[in-house]
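Since the model is a prediction, treat every value here as computed from it, not as a measurement.
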Amino acid sequence: LAQRNQIKLYILVENSDGVSNLDDLAEWENPRAKMKKWIKRIVLILIILLVLIALSILGLNLWVTLHAKKNIVSSSQELTRNYDCILILGAGLKNGQASPMLTDRLEKGIELYKQGKAPKLLMSGDHGTEYYNEVKVMKQYAIDAGVPSSDIFMDHAGFSTYDSIWRAKHVFSVQNPIIVTQRYHLYRAVYIAQQSGLSCTGIASDGYQYGGKPKRLLREFLARCKDFITTATETPPAYEGDLISITGNGDETNDCEFEK
């Protein structure tokens with residue numbers, strides 16, 4: 001023991017290998033202690049990063065929601081401006097028919113059209129393959145409800161909310177749309193339209209409680225962050241397209257025959 005103490009004292013006096021105190025000496029004698037210390041530091045850094053990411057996501061969601069809220073109305077009586085179209089965003093098909101969520105969007109949009117809130121309907125959805133034509137189903141639904149085919153435009157490349165808004169402005173020359181979708185989704189859609197320079201108003205089309213709410217809300221939380229960046233960078237969509245004015249004839253966008 002006495003010999004060991006002498007060795008320690010000698011090391012401290014000589015300050016060999018960078019050892020300057022008893023704590024450093026303990027680490028010098030035990031490399032595992034130094035490894036544990038570094039692991040603790042790394043874990044702490046990761047925790048801090050995760051907290052910052054979580055706060056950023058919450059902050060961006062709050063920003064998007066509050067910014068869009070002022071352009072959202074709760075009833076059709078509040079739609080008192082001159083709008084050029086009612087933009088109905090796609091929500092997917094189920095067994096070849098409109099999903100419950102899409103059906104509610106269509107019903108609300110058709111209701112507003114029949115109230116004379118806007119002269120045209122713009123159906124924006126996914127027509128990515130020959131066998132999946134969401135906008136065809138959307139237009140046929142409106143025709144069956146008594147809307148003239150010439151007043152219904154189809155955007156075949158509305159593959160995302162951002163794409164639908166971008167193409168509404170740049171392809172269909174829309175300036176003052178009424179945007180129809182469910183409330184959880186409406187904030188992001190209206191925010192994108194605002195940042196794109198559109199004078200828009202959003203109205204919710206919630207009919208009842210839809211399944212898969214937790215997964216849907218999580219996806220929307222992340223999508224708001226993504227589209228915050230996308231709108232800031234003004235990224236064009238994959239498919240831009242030729243100009244088709246919303247003031248013209250909606251049948252110009254047809255790619256098939258419709259039952260009338």
Side-chain angles (χ1 to χ4, degrees), residues 83-114 116-182 185-186 188-189 192-193 196 198 200 202-203 205 223 227 230 235-260:
Y83 300 98
D84 47 18
C85 77
I86 299 164
L87 173 59
I88 303 177
L89 300 173
L93 304 178
K94 187 174 182 180
N95 299 323
Q97 302 297 320
S99 66
M101 192 173 284
L102 179 55
T103 298
D104 286 340
R105 296 181 188 183
L106 290 167
E107 288 289 340
K108 175 60 72 174
I110 293 167
E111 174 189 322
L112 296 175
Y113 171 86
K114 291 184 176 181
K117 300 300 180 180
K120 304 290 183 180
L121 293 176
L122 175 54
M123 308 297 192
S124 185
D126 185 351
H127 184 188
T129 70
E130 178 183 354
Y131 305 101
Y132 191 89
N133 193 341
E134 185 178 14
V135 288
K136 176 185 176 182
V137 173
M138 294 169 72
K139 179 161 184 170
Q140 186 64 62
Y141 191 101
I143 291 173
D144 293 343
V147 180
S149 177
S150 58
D151 285 346
I152 308 169
F153 287 75
M154 295 189 296
D155 177 7
H156 298 268
F159 299 122
S160 70
T161 304
Y162 179 83
D163 288 4
S164 295
I165 302 296
W166 192 97
R167 288 173 54 81
K169 178 181 180 180
H170 295 278
V171 175
F172 295 93
S173 299
V174 171
Q175 294 298 321
N176 307 291
I178 301 171
I179 301 175
V180 177
T181 183
Q182 277 70 26
H185 180 221
L186 192 58
R188 177 163 60 99
I192 294 171
S196 300
L198 297 181
C200 66
I203 187 167
S205 60
D227 283 334
T230 306
T235 306
Y239 300 94
E240 299 184 27
D242 299 325
L243 181 64
I244 305 172
S245 176
I246 196 69
T247 60
N249 189 327
D251 288 335
E252 295 179 12
T253 63
N254 291 358
D255 65 336
C256 60
E257 296 293 328
F258 288 91
E259 299 177 9
K260 300 178 181 181

Counting only N and O atoms by type, is there a donor-acceptor contact under 3.5 Å from the side chain of Thr253 to the main-chain atoms of Phe153?
no
Would you check, one step at a time, whether the test side-chain hydrogen bond (donor to acceptor under 3.5 Å, both in side chains) holds for Glu107 with Tyr141?
CA-CA 9 Å; Glu107 288 289 340; Tyr141 191 101; 2.4 Å; yes
Exam field: side chain Asp84 to backbone Asn176, donor-acceptor pair closer than 3.5 Å
yes
Reported CD1-to-NZ distance for the pair Ile192 and Lys169, which is rounded to 0.5 angstrom:
13.0 Å
Audit row: Met154, Asn254, side chain to side chain contact (heavy atoms under 4.5 Å, CB included) steps and yes/no
CA-CA 7 Å; Met154 295 189 296; Asn254 291 358; 3.7 Å; yes
Short side-chain to backbone donor-acceptor contact, Arg105 and Gly90, under 3.5 Å:
yes
Do Lys139 side-chain atoms and Met123 backbone N/O form a donor-acceptor pair below 3.5 Å?
no
What do you reckon, is NZ of Lys117 surrounded by more than 12 foreign heavy atoms closer than 6.0 Å?
yes
Of all the heavy-atom pairs spanning Lys136 and Phe258, show the shortest one and how long it is.
O-CE2, 3.5 Å
Before giving the answer on side-chain hydrogen bond (donor to acceptor under 3.5 Å, both in side chains), spell out for Asn249 and Ser150 the whole-Å C-alpha distance, their side-chain angles and the decisive distance to 0.1 Å.
CA-CA 5 Å; Asn249 189 327; Ser150 58; 4.7 Å; no
So how far is it from Met138 CE to Leu106 CG, rounded to the nearest 0.5 Å?
5.0 Å
Tell me whether Arg167 contacts the main-chain N or O of Gly158 through its side chain, where contact means a donor paired with an acceptor under 3.5 Å.
no
Checking Asp163 side chain against Pro237 main chain: does a donor-acceptor pair fall under 3.5 Å?
no
Hey, does the side chain of Tyr132 reach the backbone of Leu93 with a donor-acceptor pair shorter than 3.5 angstrom?
yes
Which heavy atom in Tyr83 sits nearest to a heavy atom in Pro119, and how many Å separate them?
O-CD, 3.3 Å
Determine the sole option in Ile178, Val180, Val174, Ile165 for which the side chain to side chain contact (heavy atoms under 4.5 Å, CB included) test with Leu87 is passed.
Ile165
Hey, what do you get for CG (Leu89) to OG (Ser164), rounding to the nearest 0.5 Å?
5.5 Å
At their closest point, which heavy atom of Ile152 faces which heavy atom of Ala142, and how far apart are they?
CD1-CB, 3.6 Å
Pairwise side-chain contact, Glu240 with His170, heavy-atom cut-off 4.5 Å (strictly under):
no
Specify whether His156 and His127 have parallel, tilted or perpendicular ring planes, treating 30° as the upper limit for parallel and 60° as the lower limit for perpendicular.
tilted
Scan side-chain atoms only and decide if Asp104 and Ser205 contain a donor-acceptor pair under the 3.5 Å cut-off.
no
Got a second to check how far His185's NE2 is from Thr161's OG1, nearest 0.5 Å?
2.5 Å
Nearest 0.5 Å, please: how far is NZ in Lys120 from CD1 in Ile246?
7.5 Å
If you look at every heavy atom in Ala193 and Cys200, which pair is closest and at what distance?
CB-SG, 3.6 Å
Backbone N or O of Thr235 within a donor-acceptor pair of the Tyr162 side chain at under 3.5 Å?
yes
Whether the side chain of Lys114 engages the backbone of Ala145 through a donor-acceptor N/O pair (distance < 3.5 Å, no angle test) should be reported.
yes
Distance-minimising heavy-atom pair for Gly92 and Leu102:
O-CD2, 3.5 Å
For the CG atom of Asp155 and the CG atom of Leu122, what is their distance to the nearest 0.5 Å?
6.0 Å
Any donor and acceptor pair, going by atom type alone, linking the side chain of Ser196 with main-chain N or O of Leu198 inside 3.5 Å?
no
Side chains of Leu243 and Ser173: does their closest heavy-atom pair fall under 4.5 Å?
yes
